[in-house]
Amino acid sequence: MSRLVVVSNRVSAPRQGRTGGEGGLAVGILAALRERGGLWFGWSGKITEQGGNLDVFEHGPITYATLDLTARDYEEYYSGFANRSLWPLFHYRLDLADFTRRYLAGYQRVNALFASKLLPHLQDDDQIWIHDYHLIPLADQLRQAGCKQKIGFFLHIPWPAPEVLVALPNHRSLVNSLCAYDLIGFQTEIDRQAFIDYVLRDAGGTQIDEATVELHGRRVTTGAYPISIDTENLAKMAEEASSTRHTERLRGSVRDRDLIVGVDRLDYSKGLVARVEAFEHLLKAYPANRGRAVFLQIAPPSRSDVPEYQHIRGELEAACGRVNAAYADFDWTPIRYLNKGFSRRLLTGFFRVSTIGLITPLRDGMNLVAKEYVACQNPEDPGALVLSRFAGAARELEGALIVNPYDNEGVAEALQSALAMSRDERRERWSAMFDYLRRHDIDAWREAYLKALADT
Ligand code: GDG
């Protein structure tokens, strides 16, 4: 079996003290790297004056190679083009997109730097798997340097409809560079179809077969590979966490009330302000929930140096403050908003003691929290999942109550039905979703993708 080389913006390296605490994606990638031996390459997370220093070290069968960036690289490539141009555009937030040309130049420069530093570490029969929107031009850069290996790409975020994509000044060259990959993996069939539509209608490409298109003489295969979670392990972790001190403290503080829980990075794509407004509507339209429903929103800070993220934080704080001021009583606060992160283990316990998981992104490639929420439930008395139709996960989690996050009243109605749902119905909905997630877990995702890459 050929060696696997994974490239992503950040690397979950053991030296950074993260072993054992990795999120689902890192667990999945590490399992593949351990099985076949391999290299994981990416930004070290460090900013240095010179940049470009590559730290290579081994840990068991895995080699890690992490690269430092300069402050200018960070500003232009990461905060700039990745997070202020591509992220808002791909999440349909043209109003927030900033297409400053300097960002694009930085993005291309850092991708070229990645290629030049990676190249000497590649072997002829490596299989290379590049992740996410930070690194779209990387395969093209590697090809220009003579790289012949199979190279796959997986996009973790949505691929926008062509009419949205063409707002990007360099949309043509971005898509051309994507065609340097052998396989492009998307989260859903909708994303894949949007990409094909662009290639055929806007870029003048041709369709070779259902999955393959040709553009300017390059053939690329596409597929939908919905990412997933480490289902069995999470379920076990949640069962263990259900009786820990922290979970007991949460349970004790909620008492016999209904706990509604949301966990998201503090990002404008996650629909947090609209979610608070929907909860407010629940209290307004169904007054029996006053004094009874508690909404716990965990939203750790994210990309705090990007101005749009500072703005959304202010908006969310104002919305939570307004609802609490209007409805709280001396023995009940409706919203508990926590602007900090918790360990994975604690979160599994929080999911388990809740009545409802409320996950309402305005746009989301997949949304792993929705899947994690399902995996963590008590099979005897599972909570209900209220999930946005604009999360990739909504295509798979058929037992969820699917909502339109722009429709506060509709979300409030769904919350009310979830609160009133019989235990039998909750069990029926949950077991269908849990069975699905057991079969379609993170290992199945990775295996399906890597097999398709090998078959291209
Ligand atoms: C991108 C795409 C796609 C969150 N808060 C804490 C915490 N988390 C964990 C969650 C989950 C992960 O972070 C977040 O994953 P999501 O999928 O929900 O969202 P993004 O971060 O936007 O991820 C997304 C994903 O990539 C994978 O392809 O699904 O659509 O946007 O695992 O549990 N973990 C800990 N403490 C927290 O406070 N430990």
Side-chain angles (χ1 to χ4, degrees), residues 9 76-112 130-141 143 153-181 183-208 210-224 267-269 271 306-308 361-366 389-392 395 406:
N9 175 56
E76 295 175 353
Y77 147 81
Y78 181 74
S79 293
F81 197 73
N83 288 332
R84 296 193 75 189
S85 308
L86 291 183
W87 178 273
L89 178 80
F90 282 34
H91 288 86
Y92 289 72
R93 289 301 299 269
L94 278 170
D95 57 322
L96 299 181
D98 179 342
F99 298 132
T100 302
R101 294 295 153 93
R102 189 167 55 85
Y103 294 165
L104 172 60
Y107 182 71
Q108 281 159 342
R109 186 180 66 245
V110 171
N111 271 271
I130 296 171
H131 287 261
D132 230 0
Y133 60 104
H134 315 86
L135 301 172
I136 291 174
L138 185 54
D140 197 18
Q141 301 275 4
R143 296 274 184 243
F153 179 75
F154 184 76
L155 182 69
H156 290 257
I157 66 175
W159 183 270
E163 272 305 285
V164 174
L165 182 67
V166 296
L168 182 72
N170 66 314
H171 58 93
R172 276 184 200 284
S173 68
L174 193 81
V175 173
N176 283 348
S177 66
L178 257 182
C179 295
Y181 288 94
L183 174 67
I184 309 174
F186 297 94
Q187 296 276 24
T188 66
E189 188 51 33
I190 294 175
D191 301 305
R192 191 188 77 85
Q193 203 56 56
F195 173 78
I196 300 273
D197 284 353
Y198 173 89
V199 170
L200 300 184
R201 287 192 220 145
D202 292 84
T206 47
Q207 183 127 29
I208 304 300
E210 171 58 22
T212 312
V213 286
E214 187 171 300
L215 185 64
H216 307 308
R218 278 173 170 169
R219 275 188 189 192
V220 62
T221 303
T222 60
D267 192 297
Y268 49 79
S269 66
V306 175
E308 291 74 24
L362 303 176
R363 229 7 106 166
D364 217 329
M366 179 52 57
R389 58 173 298 160
F390 299 116
R395 308 278 146 193
Y406 294 95

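Since the structure is predicted, the reported quantities are computational estimates derived from the model, not experimental observations.
With sequence neighbours excluded, the residues forming a ring pair (Phe, Tyr, Trp, His ring centres under 6.0 Å) with Phe390 are Tyr406, listed by chain and number. Partners of Glu308 under the side chain to side chain donor-acceptor pair (under 3.5 Å) rule, at least two apart in sequence or in another chain, are Arg84. By the salt bridge (Lys or Arg N to Asp or Glu O under 4.0 Å) test, Arg192 pairs with Glu189, Glu210, sequence neighbours left out. Under the rule for a side chain to side chain contact (heavy atoms under 4.5 Å, CB included), the partners of Ala167 that lie at least two apart in sequence or sit in another chain are Leu89, Leu94. Shown here are the salt bridge (Lys or Arg N to Asp or Glu O under 4.0 Å) partners of Arg109, two or more places apart in sequence or in another chain: Asp73, Glu76. Applying the side chain to side chain contact (heavy atoms under 4.5 Å, CB included) criterion to Ser177, with sequence neighbours excluded, gives Ile136, Pro137, Asp140.
With hydrogens and angles ignored, the 3.5 Å screen pairs no side-chain donor or acceptor of Arg363 with any backbone N or O of Tyr92. When atom types are taken as modelled, the side chain of Arg172 and the backbone of Asp202 share a donor-acceptor pair closer than 3.5 angstrom. A donor-acceptor contact shorter than 3.5 Å links the side chain of Asp191 to the backbone of Thr188. Looking only at distances, a side-chain donor or acceptor of Asp132 sits under 3.5 Å from a matching main-chain atom of His156. A donor-acceptor contact shorter than 3.5 Å links the side chain of Asp98 to the backbone of Thr100. In this structure a side-chain-to-backbone donor-acceptor pair under 3.5 Å is missing from Ser79 to Val306.
With contacts defined as side-chain heavy-atom distances shorter than 4.5 Å, the pair Leu183/Phe154 does not qualify. Side chains of His91 and Leu362 form no contact here, defined as non-hydrogen atoms less than 4.5 Å apart. A heavy-atom distance below 4.5 Å is found between the side chains of Tyr181 and Leu138. Between Ile196 and Val213, the closest side-chain pair of non-hydrogen atoms falls below 4.5 Å. Using a 4.5 Å heavy-atom cutoff, the side chains of Leu174 and Tyr107 are in contact. When side chains are defined from C-beta on, Ser269 does not count as touching Arg93, because their heavy atoms never get closer than 4.5 Å.
To the nearest 0.5 Å, atom CG of residue Asp197 and atom CG of residue Leu165 are 11.5 Å apart. Here Asn111 contributes atom CG and Gln141 contributes atom CD; the two are 6.0 Å apart, rounded to the nearest 0.5 Å. Put simply, CG on Leu104 and CZ on Arg101 are 7.5 Å apart, with the number rounded to the nearest 0.5 Å. Atom CZ in Phe186 sits 6.5 Å away from atom OG1 in Thr222 (nearest 0.5 Å).
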query = How far apart are the C-alpha atoms of Tyr77 and Asn9, what are their side-chain angles, what is the distance that settles it, and do they pass the side-chain hydrogen bond (donor to acceptor under 3.5 Å, both in side chains) test?
reply = CA-CA 11 Å; Tyr77 147 81; Asn9 175 56; 2.7 Å; yes
inquiry  = Go through it in stages, so that I can follow the logic: the residues are Phe195 and Leu155, the test is side-chain contact (heavy atoms from CB on, under 4.5 Å), and I'd like the CA-CA distance, side-chain angles, deciding distance and then a yes or no.
reply    = CA-CA 11 Å; Phe195 173 78; Leu155 182 69; over 6 Å; no
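Scanning both residues, Ala97 and Ser85, for their nearest heavy atoms gives CB-O, 4.2 Å. Minimum interatomic distance between Phe99 and Leu168 (heavy atoms only, all atoms of both residues): CE2-CD1, 3.6 Å. Closest heavy-atom contact between Ala139 and Ile130: N-CD1, 4.3 Å. Between Ala82 and His134, the closest heavy-atom pair is CB-CD2, 3.6 Å. Heavy atoms only, all atoms of each residue included: Ile184 and Leu178 are closest at CD1-O, 3.9 Å. Pairing each heavy atom of Thr212 with each of Arg219, the nearest pair is CG2-CB, 4.4 Å.
Checked against the 6.0 Å centroid criterion, the rings of Tyr103 and Phe81 do not qualify as a close aromatic pair. Residues His131 and Phe153 place their aromatic rings such that the two centres sit no closer than 6.0 Å. Ring centers of Phe90 and Tyr133: at least 6.0 Å apart, outside the cut-off.
The number of heavy-atom neighbours closer than 6.0 Å to CD of Gln207, taken from other residues, nucleotides and ligands shown, is above 12.
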